[in-house]
Amino acid sequence: MLPPVGEPIRLGPRSDPPEFTGFHSVWTQSGTAALALAVRLAMDQRPDVARPEVLIPAHGCPDLVAAVRFAGAIPILVDIGPEDPGFDPASLEQAWTKATVAVVAVNFLGIRERVHDLAHAATTRNTWLIEDSAQWYPEPQADENEPFSPTDAVILSFGRGKPVSLLGGGALLVREGRESNPALESLKAAPNEWLPALKIALYNQLLQPRWYGLIGRNPLLSVGGTHYAPLVGVQAMASWRLELLGSNAAAWLDRDRWRETAISEMLISCEAVAVNLPHLLKERTRRLLRYPLLCRDRETRDRLLAQLVTAGLGATAMYREALPWVPGVAPVLDVIPALPGARAFAEHLLTLPVHDGVSRKDIECMEEVIRSEVTIVLEN
């Protein structure tokens with residue numbers, strides 16, 4: 001059984017952590033902790049706001065809610081498009097108020113938000129724009145002297161299943177000139193970890209299809225399950241992770257993207273059952289963590305997912321529900337608005353793996369499963 005994501009972690013060579021032009025780096029124990037720090041910085045810029053609000057997309061990881069809550073702000077869910085993981089413009093405009101201190105623009109699996117448009121709007125409203133790139137890692141710019149993001153802050157994550165995985169860790173990249181804050185200089189040191197090299201070796205082994213199948217098909221382990229977990233503190237990133245970041249980031253950026261191309265070409269003839277999301281949003285699509293497509297309806301998605309999983313092809317539904325319906329999220333929300341776009345997106349979403357463990361034979365098998373569904377649709 002193929003894992004949905006999973007590049008093996010390299011143990012060397014060790015080096016100083018990467019630098020990002022135009023940004024000051026703060027290394028934390030997780031991407032969630034980094035986002036919480038970013039929200040606090042945004043709140044500090046608006047001390048006049050008694051009940052600060054932070055706008056987040058209504059479909060995504062519940063850690064978005066956890067980070068905003070930990071920072072002491074109110075998460076406001078904003079609808080997305082039914083065929084776009086980015087904010088629905090009309091919903092965003094309606095949600096933006098004088099109490100909005102930050103907007104979190106999420107890079108979804110490598111499909112970037114409209115950050116340049118949002119940056120202009122945020123500047124005019126004295127609001128921080130935070131780019132959550134937990135599911136993406138910055139790619140080299142054509143002009144290496146230009147910042148890769150127009151935002152006030154960027155969040156990176158190095159947890160399991162992320163583009164550059166170190167089994168934990170995160171980064172808050174703060175635009176230069178805005179990083180002067182005592183909260184960034186007083187992070188508690190990371191606790192000592194037990195035999196990190198052994199943990200890495202075990203993780204790399206479990207990425208093998210034979211071993212991943214043993215845990216992926218075990219219903220008691222709930223691999224890939226999504227639920228809300230509150231953030232309990234912010235600490236610094238372990239030094240050994242920092243030393244391994246450079247080599248693992250380089251490996252990610254050196255990956256050949258032929259799998260993305262092959263899946264995209266395969267989906268051209270499957271439009272009857274699935275929308276090729278990266279092709280639809282190609283101007284905003286970068287290197288992908290997983291390949292997302294939108295099925296014609298929830299029943300088609302569930303049927304395809306079951307067949308792909310049975311065939312061991314690493315397909316997932318990612319977040320099966322919009323955020324308010326993720327277990328544990330609703331009780332920590334002040335308001336649950338109508339979210340038709342987010343609900344439709346969650347019900348139709350299917351992702352396919354594009355990591356180095358995916359072979360051409362695997363993609364041919366994916367095509368066979370999806371084409372069988374196309375045949376059924378056309379016959380009916």
Side-chain angles (χ1 to χ4, degrees), residues 2-23 25 27 31 107-112 131-149 154-171 173 196-197 199-201 203-209 212 237-238 240-266 278-279 281-292 314 351-363 366:
L2 286 171
V5 290
E7 305 300 335
I9 301 172
R10 300 188 176 199
L11 287 170
R14 299 189 176 228
S15 63
D16 293 332
E19 295 183 357
F20 299 92
T21 300
F23 289 91
S25 303
W27 308 101
N107 184 315
F108 181 73
L109 300 177
I111 299 176
R112 206 172 190 187
E131 185 172 16
D132 187 321
S133 288
Q135 298 175 0
W136 183 70
Y137 187 85
E139 300 174 59
Q141 293 284 98
D143 184 349
E144 61 182 18
N145 295 316
E146 283 294 318
F148 72 92
S149 176
V154 178
I155 307 304
L156 303 178
S157 178
F158 311 115
R160 288 185 295 273
K162 298 301 168 66
V164 181
S165 176
L166 300 171
L167 301 182
L173 310 180
K199 291 168 60 177
I200 291 173
Y203 173 78
N204 288 347
Q205 189 66 31
L206 290 176
L207 293 179
Q208 301 299 316
Y212 185 81
M237 184 172 169
W240 66 266
R241 290 191 169 96
L242 272 178
E243 294 171 357
L244 295 179
L245 176 55
S247 58
N248 283 275
W252 165 260
L253 295 172
D254 285 343
R255 283 179 56 246
D256 194 309
R257 299 177 64 184
W258 69 263
R259 296 168 182 84
E260 296 176 30
T261 301
I263 292 176
S264 182
E265 292 174 350
M266 173 261 285
H279 182 73
L281 305 174
K282 56 185 176 183
E283 291 185 357
R284 289 159 45 200
T285 298
R286 306 295 187 266
R287 184 179 298 270
L288 293 172
L289 177 61
R290 309 185 194 189
Y291 201 103
T351 75
L352 301 174
V354 290
H355 57 78
D356 282 350
V358 178
S359 68
R360 293 192 183 276
K361 179 63 176 177
D362 293 326
I363 295 177
M366 294 176 196

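Not measured: the values here are computed from a predicted model.
Contacts of Arg360 classified as salt bridge (charged side-chain N to carboxylate O under 4.0 Å, His left out), with partners at least two apart in sequence or in another chain: none. Taking Arg287 as the reference, nothing meets the salt bridge (charged side-chain N to carboxylate O under 4.0 Å, His left out) condition, with sequence neighbours excluded. Phe158 is linked by a ring pair (Phe, Tyr, Trp, His ring centres under 6.0 Å) to nothing, counting only residues two or more places apart in sequence or in another chain. Qualifying side-chain contact (heavy atoms from CB on, under 4.5 Å) partners for Asp256, counting only residues two or more places apart in sequence or in other chains: Trp258. A search for side chain to side chain donor-acceptor pair (under 3.5 Å) contacts involving Ser25 returns nothing, not counting sequence neighbours. Listed by chain and number, the residues in a salt bridge (charged side-chain N to carboxylate O under 4.0 Å, His left out) with Arg284 are Asp84 (sequence neighbours excluded). Listed by chain and number, the residues in a side-chain contact (heavy atoms from CB on, under 4.5 Å) with Ser359 are Lys361, Asp362 (sequence neighbours excluded). Residues satisfying the side-chain contact (heavy atoms from CB on, under 4.5 Å) criterion with Val5, sequence neighbours excluded, are Leu289, Arg290. With sequence neighbours excluded, no residue satisfies side chain to side chain donor-acceptor pair (under 3.5 Å) with Thr21. Gln205 is linked by a side-chain contact (heavy atoms from CB on, under 4.5 Å) to Gln208, Trp211, counting only residues two or more places apart in sequence or in another chain.
What you find for Pro353 and Gly314 is that their closest heavy atoms are CD-O, 3.5 Å. What you find for Tyr203 and Gly161 is that their closest heavy atoms are OH-N, 3.8 Å. Between Pro292 and Leu109, the closest heavy-atom pair is CB-CD1, 4.0 Å. The shortest non-hydrogen separation linking Ile9 to Asn204 is N-OD1, 2.8 Å. Taking every heavy atom of both residues into account, Leu288 and Trp252 meet most closely at O-CH2, 3.6 Å. Considering every non-hydrogen atom in both His279 and Tyr291, the closest pair reads N-OH, 4.5 Å.
Side-chain contact between Val154 and Phe20 is absent, with no heavy-atom pair separated by less than 4.5 Å. Residues Phe148 and Leu173 are in side-chain contact: their nearest non-hydrogen atoms beyond the backbone lie under 4.5 Å apart. With contacts defined as side-chain heavy-atom distances shorter than 4.5 Å, the pair Pro138/Leu156 qualifies. Within the 4.5 Å cutoff, the side chain of Pro4 has heavy atoms near those of the Tyr212 side chain.
The salt bridge (charged side-chain N to carboxylate O under 4.0 Å, His left out) contacts involving residues 131-142 comprise Arg112-Glu131, where partners must be two or more places apart or lie in separate chains.
Going from atom CG of Leu352 over to atom CE of Met266 covers 6.0 Å, rounded to the nearest 0.5 Å. Atom-to-atom distance recorded for Arg286:CZ and Arg257:CZ is 9.5 Å, nearest 0.5 angstrom.
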Table please: side-chain donor-acceptor pairs of residues 240-249 below 3.5 Å, with sequence neighbours left out.
from, atom 1, to, atom 2, distance (Å)
Trp240, NE1, Glu193, OE2, 3.3
Arg241, NE, Leu166, O, 2.8
Arg241, NE, Gly168, O, 3.1
Arg241, NH1, Glu193, OE2, 2.5
Arg241, NH2, Leu167, O, 3.0
Arg241, NH2, Glu193, OE1, 3.3
Glu243, OE1, Arg14, NH1, 2.8
Ser247, OG, Pro13, O, 3.3
Ser247, OG, Leu244, O, 3.2
Asn248, OD1, Arg10, N, 2.8
Asn248, ND2, Arg10, O, 3.0
Asn248, ND2, Leu244, O, 2.8

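Between the Arg259 side chain and the His355 main chain, a donor and an acceptor come within less than 3.5 Å of each other. With Ser157 contributing its side chain and Ala134 its backbone, the two residues share no donor-acceptor pair below 3.5 Å.
Environment of NZ in Lys282: sparse, with no more than 12 heavy atoms of neighbouring residues, nucleotides or ligands closer than 6.0 Å.
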- Would Thr285 and Glu260 satisfy side-chain contact (heavy atoms from CB on, under 4.5 Å), going step by step from the backbone distance to the final call? CA-CA 11 Å; Thr285 298; Glu260 296 176 30; 5.6 Å; no
